[in-house]
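Report on the following structure.
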Amino acid sequence: MSEEILINVTPRETRVAVVENGMLQEVQVERATRRGYVGNIYRGKVSRVMPGMQAAFVEIGLERAAFLHASDIIRPQLPAEESAEPAAPAPMPPISELVRDGQEIVVQVVKDPIGSKGARLTTHLSIPSRHLVLLPYSKALGVSVRIEDEDERARLKDTLASLVGDGRMGYIVRTNAEGMTREALEEDIGYLGKLWGAVQEAMARARVGERIYEELSLPLRALRDLMRPSIEKVRIDSRETLERAQRFVAQFMPELAERVEHYPGERPIFDLYGIEDEIQKALRKDVPLKSGGYLIVDQTEAMTTIDVNTGAFLGTRNLEETVFRTNLEAAQAVARQLRLRNLGGIIIIDFIDMTDEEHQRQVLRQLQKSMSRDHAKATVYEMSPLGLVEMTRKRTTESLERQLCEPCPACSGRGSVKTAETITYEIFREITRAVRQFEAAKLLVLAAPKIVNRILEEDSAAVAELEEFIGKTIRFQPEEHYMQEQYDVVLL
């Protein structure tokens with residue numbers, strides 16, 4: 001499989017695209033005015049403790065107070081008693097015993113502000129490098145679940161344990177460490193140790209609301225998280241960013257340094273690979289399938305729903321075969337769309353009903369297989385009797401649509417506007433209401449041209465009846481800048 005990472009840099013915006021076999025699989029956007037906060041460490045101040053929610057709100061200098069749940073707060077470790085039986089996990093203490101109003105606390109952002117919700121915080125700090133994640137307040141040693149080979153997992157854990165010894169900090173081996181040497185892990189441990197020392201110094205002098213540690217910029221973060229031996233090229237269209245990337249790669253992954261190159265072409269790099277068109281398609285609700293079927297993707301505050309339809313695909317054998325083939329293709333398309341659109345939280349997929357249980361199992365396996373390349377953690381559940389598949393995908397940043405779009409001013413994000421007929425009758429009611437409340441010789445109605453034309457052409461008789469009923473003259477004036485649902489009734 002051919003994989004490339006493309007990095008497009010402009011003064012105010014940076015975009016990273018992951019392309020597999022010529023097809024866009026993932027796109028990340030970072031703007032100078034709205035850099036993400038995930039991974040950043042702050043000195044915060046508890047503004048409100050909520051015992052009923054087992055949580056607290058913490059001011060860290062962002063627009064909205066951030067949210068800290070009791071389960072994300074480090075609890076004091078009690079001395080373990082000698083016993084043949086392992087100790088049962090201690091019950092969660094009340095939030096009021098863990099933090100108090102006005103308390104200063106060092107926290108890390110684990111989820112960006114999304115919609116109306118503030119950022120999600122933790123006091124379990126973690127600092128990632130190329131191959132490891134440092135857990136300064138833990139002694140645990142773990143290996144990413146995405147490394148599935150048991151021998152490799154054991155090798156990495158043993159190597160890490162021998163390097164750390166009786167150290168006082170914990171580590172997690174990242175997926176990127178698969179197949180890496182002891183020396184590579186040792187270099188990361190040294191780097192993380194120096195970085196943690198710098199963070200501790202910053203902690204000591206930071207004031208409330210100040211950032212103690214900042215995550216890497218998007219280009220370097222992409223190289224750290226996405227660069228692996230299967231990536232053939234990393235193409236960057238900015239020489240300044242290229243130099244920073246080359247220094248980063250030379251330090252952390254020198255064996256891949258030759259794969260990072262400059263893109264000097266006059267044609268924009270995203271245009272060359274057709275990525276701009278793919279981004280535009282990813283903002284639409286409908287996703288066409290090669291077979292003639294299509295998906296409908298609906299993102300709401302509570303969940304995302306994906307509906308699978310056969311469309312024009314009739315198949316060559318029978319209805320069951322048609323449905324099965326469409327669902328198989330849809331399973332692959334769904335996995336790509338979730339990654340491309342960065343959809344997270346609860347996701348419901350409405351596959352077309354299949355009577356054959358083996359077909360259901362194959363479609364579910366295809367979905368799970370297609371999701372395996374996604375770096376975000378996802379859990380897929382069994383298919384329900386109604387043909388629905390429930391799944392979750394970890395969400396740490398806004399979806400692509402929420403990053404690039406805003407609610408439509410014409411419909412306030414509803415996805416539909418009232419018909420011209422509905423607006424017409426609303427105007428008539430408003431006129432009746434106005435003349436009963438206020439004195440006026442005549443009335444002027446300002447509305448969108450489409451509404452005014454409809455009233456004068458199709459409802460002229462109704463206007464005459466209304467004028468006779470209220471005993472006043474009504475004049476209609478089209479306003480080009482008015483949207484369909486916008487109108488004003490003016491008393492003259």
Side-chain angles (χ1 to χ4, degrees), residues 1-3 17-27 273-275 277-300 302-395 399-401 415-416:
M1 176 177 287
S2 169
E3 291 183 273
V18 179
V19 178
E20 295 177 2
N21 292 334
M23 182 175 287
L24 178 65
Q25 296 293 332
E26 185 174 341
V27 62
Y273 285 77
I275 290 171
D277 290 341
E278 288 297 318
I279 291 175
Q280 296 307 314
K281 291 176 184 176
L283 299 177
R284 293 167 48 183
K285 290 177 65 172
D286 61 302
V287 181
L289 303 176
K290 290 181 180 178
S291 64
Y294 59 94
L295 310 178
I296 297 293
V297 182
D298 270 315
Q299 183 184 358
T300 68
M303 67 179 71
T304 297
T305 60
I306 302 176
D307 187 32
V308 183
N309 298 279
T310 56
F313 182 43
L314 301 176
T316 55
R317 297 184 182 179
N318 53 46
L319 179 59
E320 179 67 22
E321 184 71 16
T322 299
V323 167
F324 175 53
R325 295 298 175 192
T326 303
N327 282 339
L328 274 180
E329 186 185 359
Q332 298 178 56
V334 164
R336 175 175 179 256
Q337 291 300 319
L338 295 179
R339 187 177 169 191
L340 177 57
R341 298 171 187 239
N342 193 26
L343 297 171
I346 299 172
I347 299 157
I348 307 293
I349 308 165
D350 184 9
F351 286 105
I352 308 166
D353 290 344
M354 295 174 287
T355 56
D356 190 319
E357 291 185 1
E358 179 57 29
H359 284 175
Q360 294 179 8
R361 284 192 290 271
Q362 288 188 46
V363 168
L364 199 61
R365 281 198 296 270
Q366 180 63 65
L367 177 62
Q368 292 167 334
K369 179 183 176 183
S370 300
M371 291 295 302
S372 65
R373 298 190 62 80
D374 193 341
H375 62 83
K377 182 181 179 183
T379 305
V380 180
Y381 297 92
E382 293 296 322
M383 189 175 290
S384 77
L386 295 177
L388 303 177
V389 172
E390 297 177 25
M391 64 172 290
T392 60
R393 184 176 184 270
K394 187 176 181 182
R395 174 171 56 191
S399 68
L400 184 65
E401 179 186 349
S416 60

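Side-chain contact between Asp350 and Val308: absent, with no pair of heavy atoms (C-beta onward) separated by less than 4.5 Å. Considering only heavy atoms from C-beta on, Leu386 stays 4.5 Å or farther from Asp353 through its side chain. Within the 4.5 Å cutoff, the side chain of Leu364 has heavy atoms near those of the Glu382 side chain. Between Ile349 and Leu388 there is no side-chain heavy-atom pair separated by less than 4.5 Å. The shortest distance between side-chain heavy atoms of Asn21 and Met23 does not fall below 4.5 Å. Residues Asp298 and Lys285 have side chains in contact (heavy-atom distance under 4.5 Å, counting atoms from C-beta outward). A 4.5 Å side-chain heavy-atom check between Ile347 and Thr392 finds every atom pair outside the cut-off. Looking at heavy atoms from C-beta onward, Met391 lies out of side-chain contact with Thr379 at the 4.5 angstrom threshold.
Between the side chains of Ser399 and Gln299, at least one donor N or O sits under 3.5 Å from an acceptor N or O. Judged by distance alone, the side chains of Gln332 and Ser370 never bring a donor and an acceptor atom under 3.5 Å apart.
When all heavy atoms are compared, the tightest approach of Leu367 to Ala331 is CD1-O, 3.7 Å. The minimum heavy-atom distance linking Asp307 with Asn309 is given by the pair OD2-ND2, 3.3 Å. Across every non-hydrogen atom of Leu24 and Leu340, the tightest pair is CD2-CD1, 3.5 Å.
To the nearest 0.5 angstrom, Arg395 atom CZ is 12.0 Å from Leu338 atom CG. To the nearest 0.5 Å, the span separating NE2 on His359 from CZ on Phe324 amounts to 4.5 Å. Atom-to-atom distance recorded for Thr304:OG1 and Ile306:CD1 is 7.0 Å, nearest 0.5 angstrom. Taken to the nearest 0.5 Å, the CE atom of Met354 stands 9.5 Å off from the CD atom of Gln362. Expressed to the nearest 0.5 Å, how far CZ of Arg365 lies from CG of Leu328 amounts to 10.0 Å.
Partners of Asp286 under the salt bridge (Lys or Arg N to Asp or Glu O under 4.0 Å) rule, at least two apart in sequence or in another chain, are Arg284. Asp374 meets the salt bridge (Lys or Arg N to Asp or Glu O under 4.0 Å) test with Arg393; sequence neighbours excluded.
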**Message:** Checking Leu295 against Leu289 for the side chain to side chain contact (heavy atoms under 4.5 Å, CB included) test, could you report, in this order, the C-alpha distance in whole Å, the side-chain angles of both residues, the deciding distance, and whether it holds?
**Reply:** CA-CA 8 Å; Leu295 310 178; Leu289 303 176; 4.2 Å; yes
**Request:** Evaluate side-chain hydrogen bond (donor to acceptor under 3.5 Å, both in side chains) for Glu320 paired with Thr355, printing each intermediate quantity in order.
**Result:** CA-CA 8 Å; Glu320 179 67 22; Thr355 56; 3.2 Å; yes
**Request:** Assess whether side chain to side chain contact (heavy atoms under 4.5 Å, CB included) is satisfied between Val389 and Ile348, documenting all intermediate values.
**Result:** CA-CA 6 Å; Val389 172; Ile348 307 293; over 6 Å; no
**Request:** Show your reasoning for whether side chain to side chain contact (heavy atoms under 4.5 Å, CB included) applies to Phe351 and Val363.
**Result:** CA-CA 9 Å; Phe351 286 105; Val363 168; 3.8 Å; yes
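Checked by atom type and distance alone, the side chain of Glu3 never pairs as donor or acceptor with a backbone atom of Val18 at under 3.5 Å. Between the side chain of Gln337 and the main chain of Ala282, no donor-acceptor pair closer than 3.5 Å is present. Here the side chain of Asn342 pairs no donor or acceptor atom with the backbone of Leu400 at under 3.5 angstrom.
Around the CD atom of Gln368, the shell of radius 6.0 Å holds more than 12 heavy atoms that belong to other residues, nucleotides or ligands. For CD1 of Ile346, the number of neighbouring non-hydrogen atoms (other residues, nucleotides, ligands) closer than 6.0 Å is 12 at most.
Residues Arg336 and Glu20 are not paired through a salt bridge, judged by the lack of any N-O separation under 4.0 Å between the basic side chain and the carboxylate. Between Glu26 and Arg373, none of the side-chain N atoms (NZ, or NE/NH1/NH2) sits under 4.0 Å from a carboxylate O, so this pair counts as no salt bridge. A salt bridge links Arg325 to Glu321: at least one charged side-chain nitrogen sits closer than 4.0 Å to a carboxylate oxygen.
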